[in-house]
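By convention in this document, chain letters (A, B, ...) are assigned in the order of the sequence lines, proteins followed by strands, and residues within each chain are numbered from 1. Small disclaimer: the values here were computed from a predicted structure and weren't measured.
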2 protein chains.
Amino acid sequence: MASTTAESPRQRVTSYDVARLAGVSQSAVSRCFKPGASVSRKMRARVMKAAEQLGYQPNAIARSLISGRSNTAAVVISSNTALYFPEILVGLNRNLAQRGVRALLFTLEQESDIDRLLDQVLQYQVDGMIVAARLSAPQIDAIERRAVPFVLYNRSFRDRQVNAVCCDQSEGERWLVDALIEAGHQRFGIISGPGDSSVSMERTEGALARLRELGAKHISVVEGDFGYHSGGTGLKKLRDRIGAHPDAVICANDTMALGCLDAARHEYGLAVPEDLSVVGFDGVGPARWTSYNLTTVRQPVSRMTEAAVSMILERVDNPQLQPEKRFFSGEMIPGNSARLAPAAAR
Amino acid sequence: MASTTAESPRQRVTSYDVARLAGVSQSAVSRCFKPGASVSRKMRARVMKAAEQLGYQPNAIARSLISGRSNTAAVVISSNTALYFPEILVGLNRNLAQRGVRALLFTLEQESDIDRLLDQVLQYQVDGMIVAARLSAPQIDAIERRAVPFVLYNRSFRDRQVNAVCCDQSEGERWLVDALIEAGHQRFGIISGPGDSSVSMERTEGALARLRELGAKHISVVEGDFGYHSGGTGLKKLRDRIGAHPDAVICANDTMALGCLDAARHEYGLAVPEDLSVVGFDGVGPARWTSYNLTTVRQPVSRMTEAAVSMILERVDNPQLQPEKRFFSGEMIPGNSARLAPAAAR
DNA sequence: CGGCAAATTGACTGCGAATGCGAACAAGCA
DNA sequence: TGCTTGTTCGCATTCGCAGTCAATTTGCCG
């Protein structure tokens with residue numbers, strides 16, 4: 001019953017095996033697999049034939065050991081990004097793969113896991129790290145000490161020179177607020193993300209700042225957790241606090257906005273956008289679904305992931321490069337979940 | 001302006017460096033980092049102190065080269081799984097991490113990419129592979145020839161002994177169909193996934209078989225692509241074909257079911273579930289959202305990912321193990337998108 | 001305090017591929 | 001043909017660590 005194909009040599013095939021079969025030296029084999037090496041076409045043909053015959057593939061581990069590059073990058077991402085997660089991951093991975101780099105995935109369930117992780121990441125001799133999670137200053141110190149290039153994705157340190165790729169959160173919030181104010185909304189609710197999220201902070205602060213700047217009088221802020229349900233509970237908290245429902249709710253991400261919208265319609269029987277305007281941030285897929293058609297700001301994920309990958313790989317080749325922060329504008333998507341003045345779209 | 005901390009030694013720290021500082025041999029250092037090795041506590045203390053001082057971390061690459069294990073597993077996943085993707089990935093990664101294995105991520109945009117990928121995967125000397133993508137028989141041959149253990153996630157080959165972890169798709173569809181039939185639905189529409197998806201095939205076939213078994217007369221099948229929009233277009237196709245709307249639409253996944261549901265309500269003004277029942281499969285997050293509350297079958301993702309990881313790691317340690325297929329029952333979630341007889345929930 | 005077993009330690013080798021260097025060889029020129 | 005250039009190839013070494021084996025130390029008992 002055992003269907004094992006016992007005829008093939010099940011052990012690892014090394015460059016020596018290929019060399020022996022082809023009657024050449026191991027160096028020759030090595031050179032044949034190195035693009036741009038000096039090899040005669042006759043040699044290459046012989047080696048390749050032998051390699052094929054044996055099913056030889058160069059051992060990336062051994063190669064890394066001597067070359068000092070693993071062609072591997074760590075992607076650290078906290079899993080609470082939920083809806084947003086696959087898009088980033090796929091984008092990063094595509095860009096990395098195109099340049100011959102593989103992604104080692106590190107998912108964080110809790111931000112505190114990152115400490116244990118960091119050591120591991122570095123053990124694996126990754127060429128670089130792309131971090132879409134919260135890092136503390138000492139953690140950044142630790143990475144820098146190891147001289148591993150890293151890029152923060154959608155977070156940055158104001159007081160610190162680090163590589164970062166960010167969506168301009170405040171700008172996006174400003175657009176949203178401008179549009180809401182212009183349409184005459186007066187009582188504002190804000191549902192922030194978890195307190196330790198810098199993205200949430202920037203968005204919330206950005207919205208708040210603009211609201212104040214434009215003279216909004218009635219603003220309440222409650223905290224959510226970026227999850228769907230906290231959109232609903234956030235709305236409830238806002239209602240409790242205000243004593244009525246606000247005119248507009250600004251959510252720190254789309255997922256909460258969708259939760260808020262659902263709660264408004266189905267729990268409180270409010271018409272959206274007539275009775276209540278809801279806006280989000282991110283531009284995740286479900287935000288475009290017919291039931292929602294959310295007014296939001298879409299992050300240019302593919303440009304951002306491409307930038308992150310470029311930045312990291314440039315720095316792998318040239319560690320001397322100065323840290324750089326790149327900000328990307330989002331794209332306002334008017335949607336239909338907020339009552340806006342005509343042509344308010346940016 | 002350069003804030004580079006130039007005081008620390010920026011180069012790699014090896015076990016020799018630690019050994020020199022501690023005044024011991026390199027072997028001693030190595031042993032100190034190997035759990036269960038024979039080392040005196042005095043030695044360990046000295047070495048650890050030196051290691052800490054230098055910021056030494058053992059080089060996993062060198063370790064892999066000699067031990068023949070990379071503590072790395074490839075996770076190959078096609079990105080069109082969209083909503084479902086993060087859950088799987090996080091689950092797999094958590095389980096792998098717990099056992100000290102890192103995931104190398106390979107995302108497929110098109111299933112055809114897998115050929116190019118396979119060579120790469122194997123170059124990286126992964127200890128095993130978890131494949132949530134379509135593999136052809138020759139591709140499986142290729143992997144087996146390399147003697148790399150692999151587990152198929154949610155696909156299996158009927159005629160072939162391979163390791164696989166699957167949700168029992170037909171069983172789930174049977175539950176759904178039973179419930180729909182019991183509630184008196186008569187005209188059925190099925191929106192399948194892409195033709196080359198085995199998951200879609202099993203679900204569609206499963207539903208069809210059960211429908212016929214129970215004597216359903218009116219059944220139409222149209223093809224979708226697992227995406228949100230194809231739920232709507234699928235419904236349109238069904239209406240065109242039938243000349244009216246069906247009583248129930250069975251979608252090969254949740255995402256399409258949600259699209260179908262939205263189209264039914266917002267495009268055709270149908271009441272769901274009164275005029276039309278819609279069921280899906282997967283149990284993704286948004287299916288539980290208030291706007292939808294989809295009737296579906298939830299895959300036990302965390303048990304499945306755990307099983308996949310166990311299977312793969314068992315086979316890394318013991319390559320002789322016979323191939324095994326594990327099937328998991330889903331969980332029927334009655335929801336509110338289908339008109340069901342009372343207490344029809346399994 | 002001698003003697004023996006057990007525990008601990010260090011020298012050395014090898015994992016598999018890449019590369020500097022010199023040898024061998026081919027091509028170009030007078 | 002003899003000599004110079006330029007290619008191509010093999011030898012030997014290297015990457016960083018783990019495991020083997022023999023040497024050494026330690027502990028323990030009579």
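- Salt bridge present: B:D317 and B:R69 bring a charged side-chain N and a carboxylate O closer than 4.0 Å.
- Rounded to a whole Å, the CZ atom of B:R69 is 14 Å from the P atom of D:dA18.
- Ion pairing of A:R102 with A:D127 is absent here, as no side-chain N (NZ or NE/NH1/NH2) approaches a carboxylate O to less than 4.0 Å.
- Classification of B:E324 and B:R315 as a salt-bridged pair holds, one side-chain N sitting under 4.0 Å from a carboxylate O.
- B:R146 has no carboxylate O lying under 4.0 Å from a charged side-chain N of B:E144, or vice versa, which leaves the two without a salt bridge.
- With hydrogens and angles left out, the side-chain atoms of A:T305 and A:R94 include no donor and acceptor closer than 3.5 Å.
- Heavy-atom contacts from other residues, nucleotides or ligands closer than 6.0 Å to CD of A:Q98 number more than 12.
- Of the N and O atoms on the side chains of A:S70 and A:R63, not one donor lies less than 3.5 Å from an acceptor on the other residue.
- With hydrogens and angles ignored, the 3.5 Å screen pairs a side-chain donor or acceptor of B:N154 with a backbone N or O of B:C167.
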Once base and sugar-phosphate atoms are separated, protein heavy atoms under 4.0 Å mark nucleotides 8-18 of chain C, 5' to 3', with B, S and - as BBBBB-BBBBB
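- Within the helix from C:dC1-D:dG30 to C:dA30-D:dT1, the inter-axis angle between the opening and closing five-pair segments is 30°, rounded to 10°.
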